[in-house]
Amino acid sequence: MTDLSIDIAGLRFKNPVTTASGTFGYGEEFLDFMDVGQLGGIFVKAVTGKNRDGNPYPRMAETPSGMLNSVGLQNKGVTHFCREIYPRIKNFRTHLIVNVSGSTVEEYVEVAARINELEAIPAIELNISCPNVKLGGMAFGTVPAMATEVTAAVRKVYGKVLMVKLSPNVTSITDLAKAVVDGGADAITLINTLLGMAIDVNRRRPVLSTITGGLSGPAIKPVALRMVWQVHKAVHVPLIGLGGIMNATDTIEFLLAGASAVQVGTANFIDPTVSLKIISGIDDYMQKNNFKSVSELVGALNTD
Amino acid sequence: MTDLSIDIAGLRFKNPVTTASGTFGYGEEFLDFMDVGQLGGIFVKAVTGKNRDGNPYPRMAETPSGMLNSVGLQNKGVTHFCREIYPRIKNFRTHLIVNVSGSTVEEYVEVAARINELEAIPAIELNISCPNVKLGGMAFGTVPAMATEVTAAVRKVYGKVLMVKLSPNVTSITDLAKAVVDGGADAITLINTLLGMAIDVNRRRPVLSTITGGLSGPAIKPVALRMVWQVHKAVHVPLIGLGGIMNATDTIEFLLAGASAVQVGTANFIDPTVSLKIISGIDDYMQKNNFKSVSELVGALNTD
Amino acid sequence: MHFQKVIRDLTVLSNIRLNDRHFVLDLMAPDPLPTMLPGQFAQILVEHSPHTFLRRPFSIHNVDYHQNTIRFLIQIKGDGTRNLSTIKEREILNVIFPLGNSFSLPVTGKVLLVGGGCGVAPLLFLARFLNQNHIHPDILVGFRTKKEVSEIESYAKYGNVQVITDDGTEGEKGLVTDHPVFQKERLDYRKIYCCGPEAMMKAVAGLARFHGIDCEVSLENTMACGFGVCLCCITPTDKGNERVCVEGPVFNTNRLNWFGS
Amino acid sequence: MHFQKVIRDLTVLSNIRLNDRHFVLDLMAPDPLPTMLPGQFAQILVEHSPHTFLRRPFSIHNVDYHQNTIRFLIQIKGDGTRNLSTIKEREILNVIFPLGNSFSLPVTGKVLLVGGGCGVAPLLFLARFLNQNHIHPDILVGFRTKKEVSEIESYAKYGNVQVITDDGTEGEKGLVTDHPVFQKERLDYRKIYCCGPEAMMKAVAGLARFHGIDCEVSLENTMACGFGVCLCCITPTDKGNERVCVEGPVFNTNRLNWFGS
Ligand SMILES: Cc1cc2nc3c(=O)[nH]c(=O)nc-3n(C[C@H](O)[C@H](O)[C@H](O)COP(=O)(O)OP(=O)(O)OC[C@H]3O[C@@H](n4cnc5c(N)ncnc54)[C@H](O)[C@@H]3O)c2cc1C
Ligand SMILES: Cc1cc2nc3c(=O)[nH]c(=O)nc-3n(C[C@H](O)[C@H](O)[C@H](O)COP(=O)(O)OP(=O)(O)OC[C@H]3O[C@@H](n4cnc5c(N)ncnc54)[C@H](O)[C@@H]3O)c2cc1C
Ligand SMILES: Cc1cc2nc3c(=O)[nH]c(=O)nc-3n(C[C@H](O)[C@H](O)[C@H](O)COP(=O)(O)O)c2cc1C
Ligand SMILES: Cc1cc2nc3c(=O)[nH]c(=O)nc-3n(C[C@H](O)[C@H](O)[C@H](O)COP(=O)(O)O)c2cc1C
Ligand code: FES
Ligand code: FES
């Protein structure tokens, strides 16, 4: 038997396979398909200060080995989350981590402070890919100083494990990683979606109502792996890697590149049980290659 | 009959379909397969000041709907190009455009000045994705001031059509586009490859000798389209779009997003004759949709 | 009402080509099928199609609980459906089902089913279901042309079928709303169930509304997951943005914003 | 020497499974085949395989100019070859060929062909070609185990075949270099042609060099285009980085940097 458990900033995960925010709902929709208690963790979908309707339809376009979405953080706000959702899911036997989003530093702080009070939530993941409404719509995650600022502000009110999720749409991912570590991040998730676009030539219109949207799926895996590897060399906090993971092999690639855990995103849409298959696939790989603990794989890429 | 010809900075292309640098050699290898004179143009592979051996093997990794390469500008240098290659290809009945690369401003200028003397070459394409050896390896194409500087320096010695090819690995592609227009670019090509990585889990090693490499193919098309559209709104020089084009539909998407012409890259490896199929596919589309001139399609995306 | 959703490898029992653009797939499950209702759909995984990344949603056309078979009526649109059209007997398809809500239980009185093109798919199951509930519906099906008219005998088992074609090569000529059943004096239905292209559903819903008839439609939408987690498939309703794959695909047209506010 | 390269839709004439991991494809052209030589290869497009983006290179195993057929011997490695292994008669494959250089024209005197596993593919065509040039080669073929030993009769038509298996279940036991032909006193060949896994080719090349025998190998490599434009497939030679798909795949081992400098 191999040891799949892994420590991330003092939090023990039973295995390194978690599900990505926005692709797993609150986990409830998966109960028909699987025992969610077998997952390393669930990153529940983005929670903002107030209710958000999200963007108009159409919100999705299929692309080669991927998809674009422009859901736009649709959710009923933090109060609804705490009152309605949390009681329904708090007994799932896995780490529940809330993806915290906002358009101002104040909104991030408000949501983080409210989530801090929920006993069964051991960590949050700050989603800093959102445009900062006060600073002309430039995303928090694209300017290092802004990234440090929002992380530090949340750090003040949030006492548990603070993860920050980075956007890949930047010239230097390592600058952003260092910026959030400076702000007090305990761990870094990467990557969020690449900004992309799809066009319908028959209608001569963008497919998405928002014109551009976020690209996810296997198409982005090479970029995601590269960023995990670059950040792994640049900072000393644990990393959670994602982007196009479809199977155990993809997952092991992220671990080797330096991720301590992974998130499965778009793949959940194609096979809702894929995470469990990945967990057993990692175990197979470790047995075949004589690894005892999954932590031996983390950053074990041989580059000489 | 539709009119497929298009003007780019005063240069008339017989149609908007050209082939991308590094994916079409010097055109000679395609003579068995097709009449290259039917192409709008050929962007020949990168030419540098001196001979370059390129990177060690392995230089290629297949990825979902794409591939990574780390060829590394292998070529025999500008003198060899002018003496040996140019005489062999100068009578191809299509626009031959040389992709000019370097590691210092001086190298770009030297190569551009030499190519300026070749009568049958009506334009060059500056490839500013290369790392600047004098400035710590940061690519010319990622820092606007550096991009302006190298463009302006080449502008001084190069009298014909000056195109600059941008790297997508930046936070703001429009800043870079404006920078090269400031430097005197007549047209902008976008995009070059996305920086990515592939890992072999059996050997626990990177697949590429250089660890990271350039991602091309359909996987990057959504990102490329988004950048063409953003730049089309931001600057007023003609654009040449590329990234993942496999067929006429993809091409029309780029034209609608704002490109005046396209380059076909990785697709040449899969079907060496694909460019000719694309040309006739555009004609079909125009006939079906009652367009007379291909220029009517450029930027014709309806976004209200 | 919660329907247990399952992921199953189903075996292709038959793949019958109806015409150039349509085919019927019968899939068989090894174990008993879960309960499903008309209007629900399935998400089919299309392997071997390089241009089909996500699953493809298809309405349940019919179910046979005795033989453990489930039937789909599919129109060839792009790579995914083209690929499915070539699948052979004994091959395996991975399917998630049943998904979404269903047409609401029938009221007493006359009801009309209106289907256009491939939108007829859920109506066969619905007609049978109404029949089991002692309702003999009127069924109006529209096709482009005679060559595409199909399965009329199947519908005829459960109701009075009328056909209309765009080009008049069979039945009446015109769009479904041109059909005599929509003449004012005959519009004495308690309910209209409609499925087809959005423009058609809007036209039918408009007539129904004008005559004060309850109308339910089955919406199409681009779906990534099909089971409620991606929020890609929303439609604006009186309750805000609702998911077509969970709160739909069947909506009472009074709840949609089709008629302005 | 320039070989006219063509892109053709070829029809699958037969797909014969040799064992768990190997199969032989016969493809037929509608028009006369271009001239090709042993050592050259083809790039096959694998459709219907979502994980196969680029073409796949395979050596020409044999050619029949009268019947316009070309044969490939293929080992199942990943998705692309697995997909090809299921292709049926009459299906179409798009193929670019002939690509690359060829084994050099034979010298007089004894020659040895050494193939390991799937590396035997180009050697059948080569053996036939040598035969046509009045050379009767010794042919040593290595396999993992008896079950994988195949096509021995085909080789036997053109030379003296000897078999060695890793597990000794047929012929000698061990790696090809363990075979008695490599015993010093018997190594009186003028030339050795070798194709197989790189480690095997290096071992054979080392022995050949030690005994002063000319040795040609056919290199594998990851290829994007296969016809010389991408520069992905280079190998270091005495002339710098050369393209395996154009200047190769066959190289005289003296030109490679296998033995240090
Ligand atoms: C709830 C529901 C039930 C459906 N029932 C049936 C049915 O019973 N029979 C039938 O033939 N079709 C049905 N459809 C439509 C069917 O899903 C699409 O025709 C199919 O997904 C097209 O796939 P493709 O790969 O062939 O085409 P593509 O090449 O992907 O696209 C062709 C066209 O179909 C549209 N489309 C693509 N993917 C989807 C998607 N996931 N959802 C909706 N539209 C899409 C595209 O916008 C495009 O215009 C249903 C759709 C929904 C949402
Ligand atoms: C000149 C040449 C001639 C060849 N002749 C034969 C032959 O006659 N019979 C035969 O069975 N095989 C031959 N091969 C090897 C064959 O091309 C690969 O086994 C095949 O491409 C694997 O494809 P796949 O999709 O099944 O495997 P993948 O899943 O793509 O990969 C499986 C393994 O094969 C390697 N591989 C993948 N793509 C290539 C590629 N384009 N070139 C080389 N290696 C690759 C990968 O590194 C990996 O280790 C030849 C290769 C070359 C370069
Ligand atoms: C439909 C959809 C909704 C998403 N919503 C969120 C979100 O609310 N917050 C967030 O941080 N990331 C969100 N993401 C991004 C994913 O969590 C993930 O970073 C991205 O999809 C890349 O991983 P993948 O390729 O495995 O899907 C969303 C992605 C998709 C496809
Ligand atoms: C093998 C290979 C070599 C390339 N060499 C060059 C080069 O020398 N100069 C350059 O500007 N771009 C080079 N590129 C980038 C392409 O020109 C093009 O920008 C990129 O591949 C995206 O287009 P595609 O997806 O259509 O291939 C190369 C790409 C590939 C795949
Ligand atoms: S398709 Fe994902 S929520 Fe409906
Ligand atoms: S594979 Fe492209 S040059 Fe050899």
Side-chain angles (χ1 to χ4, degrees), chain B residues 19-34 42 44-46 51-76 198 200 207-209 213-214 216-219 244 246 265-274 277, chain D residues 2-9 34-35 43-47 49-57 77-81 94-100 198 219-248 256-258:
Chain B
T19 54
S21 178
T23 67
F24 208 73
Y26 301 111
E28 299 171 298
E29 291 84 354
F30 287 79
L31 298 177
D32 272 4
F33 302 125
M34 66 195 257
I42 297 174
V44 304
K45 60 195 245 196
N51 175 72
R52 292 204 190 198
D53 286 338
N55 294 314
Y57 177 80
R59 294 178 169 186
M60 198 277 282
E62 194 172 321
T63 64
S65 298
M67 60 174 276
L68 290 164
N69 88 81
S70 59
V71 169
L73 303 179
Q74 177 175 342
N75 81 105
K76 295 213 161 81
D200 178 339
V207 178
L208 300 177
S209 68
S216 63
M246 299 296 284
T266 303
N268 291 307
F269 306 156
I270 295 162
D271 178 0
T273 65
V274 68
K277 293 175 187 161
Chain D
H2 180 80
F3 286 83
Q4 166 79 31
K5 296 186 275 286
V6 298
I7 310 177
R8 284 273 187 291
D9 277 340
T35 307
Q43 281 272 63
I44 301 187
L45 186 67
V46 188
E47 289 175 289
S49 175
H51 305 287
T52 308
F53 173 62
L54 298 165
R55 286 176 186 261
R56 295 291 187 260
K77 276 219 180 146
D79 283 330
T81 47
N94 187 273
V95 187
I96 306 182
F97 67 101
L99 300 169
E198 188 166 298
L219 297 184
E220 283 214 11
N221 204 296
T222 44
M223 294 184 174
C225 69
F227 48 89
V229 299
C230 74
L231 304 190
C232 288
C233 67
I234 51 92
T235 198
T237 72
D238 54 3
K239 294 192 193 148
N241 280 335
E242 284 190 286
R243 295 168 295 185
V244 171
C245 71
V246 175
E247 283 79 41
L256 301 174
N257 67 352
W258 283 3

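Please read all numbers here as calculations on a predicted model, not as lab measurements. Below, chain A is the first sequence line, B the second, and so on; all start at residue 1. Keep in mind that the numbers below use all heavy atoms, side chains included, and drop hydrogens, waters and symmetry copies.
- Heavy atoms closer than 4.5 Å to chain B are found in the backbone of D:V6, but not in its side chain.
- Proximity to chain D (any heavy atom under 4.5 Å) is restricted, for B:N69, to the side chain, taken from C-beta onward.
- For B:M34, no part lies near chain D; criterion is any non-hydrogen pair under 4.5 Å.
- Considering only heavy-atom pairs separated by less than 4.5 Å from chain D, the leading option among B:S70, B:G66, B:A61 is B:G66.
- When heavy atoms are compared at a cutoff of 4.5 Å, B:T266 approaches chain D solely by way of its side chain, counted from C-beta outward.
- Minimum interatomic distance between D:H51 and B:E62 (heavy atoms only, all atoms of both residues): O-OE2, 3.5 Å.
- With respect to chain D, the highest number of heavy-atom pairs below 4.5 Å among B:I270, B:V71, B:T23 belongs to B:I270.
- A heavy-atom distance below 4.5 Å is not found between the side chains of D:F227 and B:D32.
- Shown here for B:Q74 and D:I234, the closest heavy-atom pair between the two residues is OE1-CG2, 3.8 Å.
- Heavy atoms of B:F30 lying under 4.5 Å from chain D belong exclusively to its side chain.
- B:M67 places none of its side-chain heavy atoms less than 4.5 Å from the side chain of D:C230.
- Looking only at side-chain heavy atoms (C-beta outward), B:D271 and D:I7 come within less than 4.5 Å of each other.
- Proximity to chain B (any heavy atom under 4.5 Å) is shown, for D:N221, by both the backbone and the side chain.
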### Query
Which is it for B:M60 and D:L54 under the side-chain contact (heavy atoms from CB on, under 4.5 Å) test, yes or no, and what are the steps along the way?
CA-CA 11 Å; B:M60 198 277 282; D:L54 298 165; 3.8 Å; yes

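- D:F53 and B:G217 make their closest contact through CZ-CA, 4.3 Å (heavy atoms, listed as atom of the first residue, atom of the second, distance).
- Looking at B:N55, only its backbone comes within 4.5 Å of chain D, counting heavy atoms on both sides.
- Side-chain atoms of B:R59 come within 3.5 Å of backbone atoms of D:L231 as a donor-acceptor pair (strictly under, hydrogens ignored).
- Scanning both residues, B:F269 and D:C225, for their nearest heavy atoms gives CD2-CB, 3.6 Å.
- The side-chain heavy atoms of D:V229 and B:N268, taken from C-beta on, include no pair separated by under 4.5 Å.
- Smallest separation of non-hydrogen atoms from B:Y57 and D:T222: OH-N, 3.3 Å.
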